[in-house]
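Below you'll find the structure, written out as structure tokens, and then a few comments.
We count residues from 1, following the sequence as given.
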Amino acid sequence: MKEDRMDNPRFLPKGAISVDVSYDGPPKAFYFLLLPNTTMLAFSAAIEPLRISNQLSRKQLFEWYVLSTDGEPVTCSNGIRVQADHSVHDLEKGAFVFVCSGTQPMRSFNTNVLNWIRRQKAHGCEFGGICTGAFALAKAGVIGTRNFTVHWENRPGFCENFPTMEPTQNLYEIDGKLRTCGGGHASTDMMLEVIEELFGNALANNVSEMCLHRRLGEGGSKQVSPVSALLGTRNAKLIEAVQIMRENIETQLSLEAIADQASLSRRHMERLFRQHTNMSPGRFYNELRLDRAFALLNETNLSVSEIAFASGFSSTDRLSVHFRNRFRISPHNFRRSWSEETHPE
């Protein structure tokens with residue numbers, strides 16, 4: 001099923017700069033399983049460091065192949081179709097396999113995909129998840145107790161679908177033979193660490209420079225959520241109050257309790273919120289709960305009533321009123337608008 005590995009121009013592009021790499025072994029095989037609605041940025045940001053490694057070293061250190069469930073092109077979340085090299089098939093032991101996903105991750109795979117993942121894991125392949133690829137890996141039983149991550153946008157949906165598993169908030173995680181990242185440019189950071197692991201720091205740093213990418217050097221860097229961007233402040237007390245709200249979505253706290261935990265008076269807390277968010281604390285808290293409901297409607301099969309309680313609303317009617325005020329559509333109609341889903345390929 002593979003292409004000729006010897007001096008394949010696909011894997012050995014020409015470049016103006018070279019880096020000495022003392023390796024004469026076979027290329028490392030990387031397979032990217034693209035699921036429907038894959039995020040193209042995250043996928044391409046993972047492949048380019050492999051290409052640049054070959055270009056700089058003038059050696060075929062890596063080879064990469066795109067897989068789809070049936071060998072047909074995969075439509076990414078931006079509507080662009082990516083041609084697959086092969087359909088899913090049994091891979092060689094030691095191959096690196098990355099499951100790439102994006103929007104609506106729980107609807108992007110089926111039993112055949114999960115069985116294939118389990119079979120390749122049993123055959124000795126090493127697995128990774130890009131963007132929301134960890135959803136399929138979790139469902140297939142590949143993650144276990146190891147550290148992993150997903151994009152911050154999809155974290156609430158993941159935790160509802162897999163309540164016994166909790167992704168970290170890091171850009172990427174490498175825990176043994178499991179590699180996951182939150183997507184976007186975190187894919188590049190993850191791959192740079194893989195390159196360093198396999199071929200050394202010098203090559204990884206040169207690849208980073210070729211990508212015009214400032215290397216973070218560790219997966220422990222946190223993903224940035226919209227709340228951080230919205231606040232635009234380093235006020236520790238305000239940030240603490242928001243964090244308390246975020247950690248208490250399902251069981252709503254009173255504003256007095258939030259202020260007390262943040263060591264603030266309620267009046268001072270209200271001034272901080274109005275100054276930095278142009279909202280009252282109560283409205284800000286309510287917006288966080290609506291964000292959670294929106295995410296769960298998109299990424300879980302929970303009923304609207306279950307989502308209402310998981311988002312801290314006392315009833316479906318209460319959720320519906322607030323949801324309609326913000327999104328101009330009821331939760332039921334919003335869920336119905338996704339009824340014509342893209343089925344796994």
Side-chain angles (χ1 to χ4, degrees), residues 1-5 8-11 13 27-51 54 62-123 125-142 150-151 154 157 161 179-181 183-184 187 191 298-299 301 337-345:
M1 302 278 304
K2 282 196 168 189
E3 302 171 16
D4 184 4
R5 290 181 171 180
N8 189 327
R10 167 180 171 177
F11 301 123
K28 306 293 183 181
F30 280 61
Y31 294 87
F32 295 86
L33 172 61
L34 303 193
L35 298 178
N37 295 318
T38 284
T39 304
M40 181 173 281
L41 172 59
F43 162 58
S44 60
I47 284 188
E48 283 302 285
L50 306 181
R51 175 191 67 81
N54 288 2
F62 299 103
E63 58 185 19
W64 51 89
Y65 300 95
V66 176
L67 304 177
S68 68
T69 57
D70 56 6
E72 294 299 312
V74 177
T75 302
C76 295
S77 58
N78 60 9
I80 294 176
R81 292 168 66 79
V82 175
Q83 180 63 55
D85 295 304
H86 307 293
S87 61
V88 291
H89 60 280
D90 288 339
L91 306 176
E92 65 269 32
K93 183 178 181 180
F96 293 79
V97 182
F98 288 88
V99 178
C100 305
S101 187
T103 60
Q104 300 176 267
M106 287 298 289
R107 300 179 177 95
S108 67
F109 55 81
N110 56 27
T111 302
N112 291 336
V113 170
L114 299 178
N115 287 339
W116 179 82
I117 291 173
R118 296 176 184 123
R119 190 165 61 251
Q120 303 320 302
K121 182 68 170 61
H123 287 174
C125 292
E126 300 188 18
F127 269 88
I130 291 177
C131 194
T132 58
F135 279 72
L137 296 181
K139 190 70 173 179
V142 168
V150 297
H151 193 281
N154 309 99
N161 282 293
R179 302 165 177 88
T180 55
C181 70
S187 298
M191 284 301 180
N298 271 300
E299 296 180 351
N301 293 321
S337 71
W338 290 93
S339 59
E340 294 183 2
E341 302 294 350
T342 300
H343 297 287
E345 301 181 19

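- By the side chain to side chain contact (heavy atoms under 4.5 Å, CB included) test, Ala84 is found to be paired with Val66, Ser68, residues two or more places apart in sequence or in another chain being considered.
- Distance check, rounded to the nearest 0.5 Å: OH of Tyr65 to CZ of Arg10 gives 6.5 Å.
- Not one N or O on the side chain of Arg81 forms a donor-acceptor pair closer than 3.5 Å with the backbone of Glu72.
- Applying the side chain to side chain contact (heavy atoms under 4.5 Å, CB included) rule to Ala46 yields the partners Phe32, Ile130, Ser187, Met191; only residues at least two apart in sequence or on another chain are considered.
- Side chain of Arg118 to main chain of Ala140: a donor-acceptor pair is present (N/O by atom type, distance under 3.5 Å, no hydrogens or angles).
- In this structure, Leu50 CG and Lys28 NZ are separated by 12.5 Å, a value rounded to the nearest 0.5 Å.
- Residues Trp64 and Asn54 form a side-chain contact, since some pair of their non-hydrogen atoms from C-beta on lies under 4.5 Å apart.
- Nearest heavy-atom pair, Ala42 versus Gly183, reported as atom, atom and distance to 0.1 Å: CB-CA, 3.7 Å.
- Taking SG from Cys76 and CG from Asn37, the interatomic distance works out to 8.5 Å, rounded to the nearest 0.5 Å.
- By the 4.5 Å heavy-atom criterion applied to side chains, Val99 and Leu35 are counted as neighbours.
- Atom-to-atom distance recorded for Asn112:CG and Ile117:CD1 is 11.5 Å, nearest 0.5 angstrom.
- Residue pairs that meet the salt bridge (charged side-chain N to carboxylate O under 4.0 Å, His left out) test with at least one member in residues 94-106, sequence neighbours left out, do not exist here.
- Note that CE of Met40 and CG of Leu34 are 9.0 Å apart. Values are rounded to the nearest 0.5 Å.
- With sequence neighbours excluded, the residues that form a side-chain hydrogen bond (donor to acceptor under 3.5 Å, both in side chains) with Thr132 are Ser101.
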Practice item. Applying side chain to side chain contact (heavy atoms under 4.5 Å, CB included), run through Tyr31 and Glu92 and close with a yes or a no. Key: CA-CA 11 Å; Tyr31 294 87; Glu92 65 269 32; 3.1 Å; yes
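- Closest of all the heavy-atom pairs between Phe98 and Gly129 is CD2-N, 4.3 Å.
- Taking the side chain as every heavy atom from C-beta outward, His89 and Leu67 approach each other to under 4.5 Å.
- Glu126 CD to Phe30 CZ: the interatomic distance, rounded to the nearest 0.5 Å, is 8.5 Å.
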Exercise for review: Carefully, step by step, assess Glu299 and Asn154 under the rule side chain to side chain donor-acceptor pair (under 3.5 Å).
Suggested key: CA-CA 8 Å; Glu299 296 180 351; Asn154 309 99; 2.2 Å; yes
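- Residues Asn78 and Ile80 approach most closely at OD1-N, 3.0 Å, considering heavy atoms.
- Here Gln120 pairs with Asp90, Leu91, Trp116, His123, Cys125, Phe127 under the side chain to side chain contact (heavy atoms under 4.5 Å, CB included) rule; sequence neighbours left out.
- For Asn301, the side chain to side chain contact (heavy atoms under 4.5 Å, CB included) criterion is met by Arg107, not counting sequence neighbours.
- When every heavy atom of Ala134 is checked against every heavy atom of Val150, the shortest pair comes out as CB-CG1, 3.5 Å.
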